[in-house]
Amino acid sequence: LRQASADLVPPYGRRGLAGRLCAGRYSPDRAADSRIFSERVTFMMDRPRSDSGASSALGKLAGFVIAVVVLAGIYVGYQALQVLFPPNTYETALLATVADTVDADGVLLFDEVYVPGGGTLGYLAADGERVSAGAAVAEIYSSPEQAGLRQQLTSLNDQIELLQRSQNTTATQLDSLKKERASALYDMMDALDSSAYDETAQGEENYILAQNKLWVITGEVSDFSAQIASLTEQSAQVQAQLGGPTQITAPQTGYFIRSSATGRINAGADDILALNTTDLQAYLNSDPELPLDGCAGKIVSGFAWRYVGLCSAKEGEKLLGDNGKPLTRSVKIKFPGQMETPLKASVSEVTIDEATGLARFVITCEIINGDVLRLNRASAQIIVGETTGLRVPIDAIHYLKEDGTESETQGENYIPGVYVKYGNLARFCKIDPVDNDHPLVTDGEYRIVMPSSSDKTKTVSEVRLYDEIIVSGQNLYDGKLL
C-alpha cells in the first residue's frame, strides 16, 4: 500500500492512531480527530481531476510537433544529399550507323526525248517501265467514258492473270506459301503504318495469290476455270464498248515517264555542264523547271544520269580524296522527301570556289527507276561514308593522365575512356583516341566508338555492346564500389 499523504494523517501520528484503535479506548479528543480525518478524506475525494487531462493533451501536441520537425529534417537532409552526392545515371551502349553526308541543291540530267500527245489520255505503260520503240505507251480517248472503260478492262485483265497464276502450284509448296502469305500481310501492314498507300497494291496481290494457291493445294477449290471464263466474257464486252482509241507510241527504246508525273529543264545538258559555280547558283535560283505541255511523257534512253549540284566549300572537300581529286570510291545519293532509297553513284567532278564559299560537283549514277525519272531540280544528300559503332554519350567520356588521375580537358597523351558498371563496381574502359584511323564521328550528343575486339591492331576500345555506361557520377575511379 502507498503511504498516505501528510494531510490525511491525524495529529498524533500513525502509530498513535493504530494504538488507540487497537486498545479500544475512546475519548472526545479521539472523536474530534476522527471527524477531522474523515472530512479531509472526503475533501480529497471530491477534488476535480482536470490537471491530469490537460497534461495528457499537452503531451500529445508536443509529440506531434516533434514528429513534424523530425520529418522536415529528414526531407531537408535527403535533398542536401541529392545535391551534394547525386545518384549515378546510366545508359546502355547500343549499335548505330551514322552516315557522313553532303547536302546539296542541283538538277538531274537525262538523255531524254519527249513523246508528243495531248487530250484525254490513258496510259498503257507505268512510270519507269522500259518500252521498245513503237510500243504503245498511251491512248487518246474521245470521251471520259472511254477512260472508265479502259480502267475497267485493265482491272479485269489483271484479275484473269492473277487467277491463272494461282493454278500453277504443287503440294510441296505448302509451307513456303504460308510464309509468303504471312510476309505479304506484314508488307501491307508496314506500308499502311508508314503511309505508303501506293505500295499496298503489290502486297494485296501477293497475299491473294498465296491464299488462292493454298486453297488449290488443300482442295478447298479444284481450280478457277469458272471464274476465269466469267471474267474473260466480261473483258470482251468491255473491249467492244471501248472500241479502238488512238494510240501513242514510243519514239525510241527507253524508260517511260508520264507528263503528269514529271517536267523538264529549260536548258540543255551541255549548257548546264558548262556553267561555273556562280552561274550555276544563279541558274538554280531562276526556277528552271517547266511542265511537259503538249506531251504524253518522255523517254529516257539508257540507265545512266548525272546530278550537277552545289554545296558549301567545306562539305565539298568531303568529295575529294587525299590527293585532292574526286573520290574514287563509290558514294550514295538520295533525295530527301522524294526518294529515300540511296543509290550507288560516283563523283565525276569537284570544283571548290573559295571566293563564293561554294563547291560545284557532278555525280554520275547508273541506276534508274520511276522515282528518279520524276525528278528534275531537287535537293540531294550525298553519302560519302558510313560508320557503324557503339553510341556513347559525349558527357560520359573521361580523360586520364599517365599517372591515372583524371584531367578536366582532353590532352595529347591522355587516355580517353568511359566508366562502365560491372556488377557493383565502376571500371574504366578505354576507347580509341581521335586519329586518322579513328576519325571523330558524332551523332548529336553521342560519339560513335568501335566495340571491343580481340584484334588490338584495329582498336583499343574496351567497351562492349550492351555495357551500362555511367553517364554521370561523383568521384568516379576504376574499381569504385557503386
Side-chain angles (χ1 to χ4, degrees), residues 121-141 144-192 196-250 253-258 261 296-297 299 368-371 373:
L121 300 178
Y123 290 96
L124 306 177
D127 290 340
E129 181 180 345
R130 184 173 176 83
V131 297
S132 302
V137 295
E139 53 190 9
I140 304 174
Y141 301 130
E145 288 75 13
Q146 278 189 311
L149 290 171
R150 169 56 71 184
Q151 291 181 352
Q152 185 179 354
L153 181 62
T154 301
S155 176
L156 289 170
N157 290 336
D158 289 342
Q159 293 180 56
I160 293 171
E161 181 187 5
L162 181 62
L163 291 175
Q164 289 174 341
R165 291 164 56 195
S166 299
Q167 297 180 136
N168 299 327
T169 184
T170 60
T172 58
Q173 294 179 304
L174 181 61
D175 292 336
S176 63
L177 286 175
K178 289 182 179 180
K179 294 179 180 179
E180 290 177 9
R181 182 180 62 179
S183 177
L185 180 60
Y186 293 143
D187 289 342
M188 285 192 293
M189 295 173 62
D190 291 341
L192 291 172
Y197 302 114
D198 56 336
E199 298 179 6
T200 58
Q202 185 61 46
E204 179 184 2
E205 180 180 334
N206 292 338
Y207 181 86
I208 294 175
L209 178 62
Q211 183 60 63
N212 287 347
K213 288 185 176 182
L214 284 172
W215 282 337
V216 173
I217 291 176
T218 56
E220 294 190 34
V221 295
S222 57
D223 56 37
F224 299 99
S225 302
Q227 293 91 327
I228 292 175
S230 176
L231 292 173
T232 302
E233 183 179 353
Q234 296 178 45
S235 175
Q237 294 174 358
V238 174
Q239 180 66 64
Q241 297 176 30
L242 177 62
T246 303
Q247 292 188 336
I248 300 174
T249 58
T253 299
Y255 298 92
F256 176 75
I257 182 74
R258 296 170 297 148
I299 300 290
I368 200 166
N369 55 40
D371 292 332
L373 291 174

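Please read all numbers here as calculations on a predicted model, not as lab measurements.
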Once salt bridge (Lys or Arg N to Asp or Glu O under 4.0 Å) is applied, do any residues pair with [X], and if so which ones, sequence neighbours excluded?
| X | result |
| --- | --- |
| Asp371 | Arg374 |
| Arg130 | none |
| Glu145 | none |

If you round to the nearest 0.5 Å, how far is [atom2] of [Y] from [atom1] of [X]?
| X | Y | atom1 | atom2 | answer |
| --- | --- | --- | --- | --- |
| Met188 | Gln202 | CE | CD | 11.0 Å |
| Ile299 | Ile257 | CD1 | CD1 | 10.0 Å |
| Tyr207 | Asn212 | OH | CG | 10.5 Å |
| Leu209 | Leu177 | CG | CG | 8.0 Å |

Answer whether the closest heavy-atom distance between the side chains of [X] and [Y] falls below 4.5 Å.
| X | Y | result |
| --- | --- | --- |
| Leu373 | Asp127 | no |
| Val221 | Val216 | yes |
| Glu205 | Arg165 | yes |
| Leu153 | Leu149 | no |
| Thr253 | Val131 | no |

*Identified side chain to side chain contact (heavy atoms under 4.5 Å, CB included) counterpart of Gln152 within the set Val238, Asn157, Leu242*: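 Of the listed residues Val238, Asn157, Leu242, the side chain to side chain contact (heavy atoms under 4.5 Å, CB included) partner of Gln152 is Val238.
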Listed pairs under 3.5 Å, donor-acceptor, residues 178-185 side chains, sequence neighbours left out:
from	atom 1	to	atom 2	distance (Å)
Arg181	NH1	Gln211	OE1	2.9

Checking [X] side chain against [Y] main chain: does a donor-acceptor pair fall under 3.5 Å?
| X | Y | result |
| --- | --- | --- |
| Ser166 | Leu162 | yes |
| Thr154 | Arg150 | yes |
| Tyr123 | Ala296 | yes |
| Thr232 | Ile228 | yes |

*asked:* Could you report the tightest heavy-atom contact between Gln167 and Ser225, atom names first, then the distance?
replied: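 Smallest heavy-atom distance, with atoms named: OE1-N, 3.6 Å.
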*What residues, two or more places apart in sequence or in another chain, satisfy side chain to side chain contact (heavy atoms under 4.5 Å, CB included) together with Gln227?*
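Side chain to side chain contact (heavy atoms under 4.5 Å, CB included) check on Gln227 returns Leu163, Phe224.
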*What residues form a side chain to side chain contact (heavy atoms under 4.5 Å, CB included) with Ser176, not counting sequence neighbours?*
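Counting only residues at least two positions away or on another chain, Ser176 forms a side chain to side chain contact (heavy atoms under 4.5 Å, CB included) with Gln173.
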_Candidate pair Ile140 and Leu121, rule side-chain contact (heavy atoms from CB on, under 4.5 Å), full reasoning_ = CA-CA 5 Å; Ile140 304 174; Leu121 300 178; 3.6 Å; yes
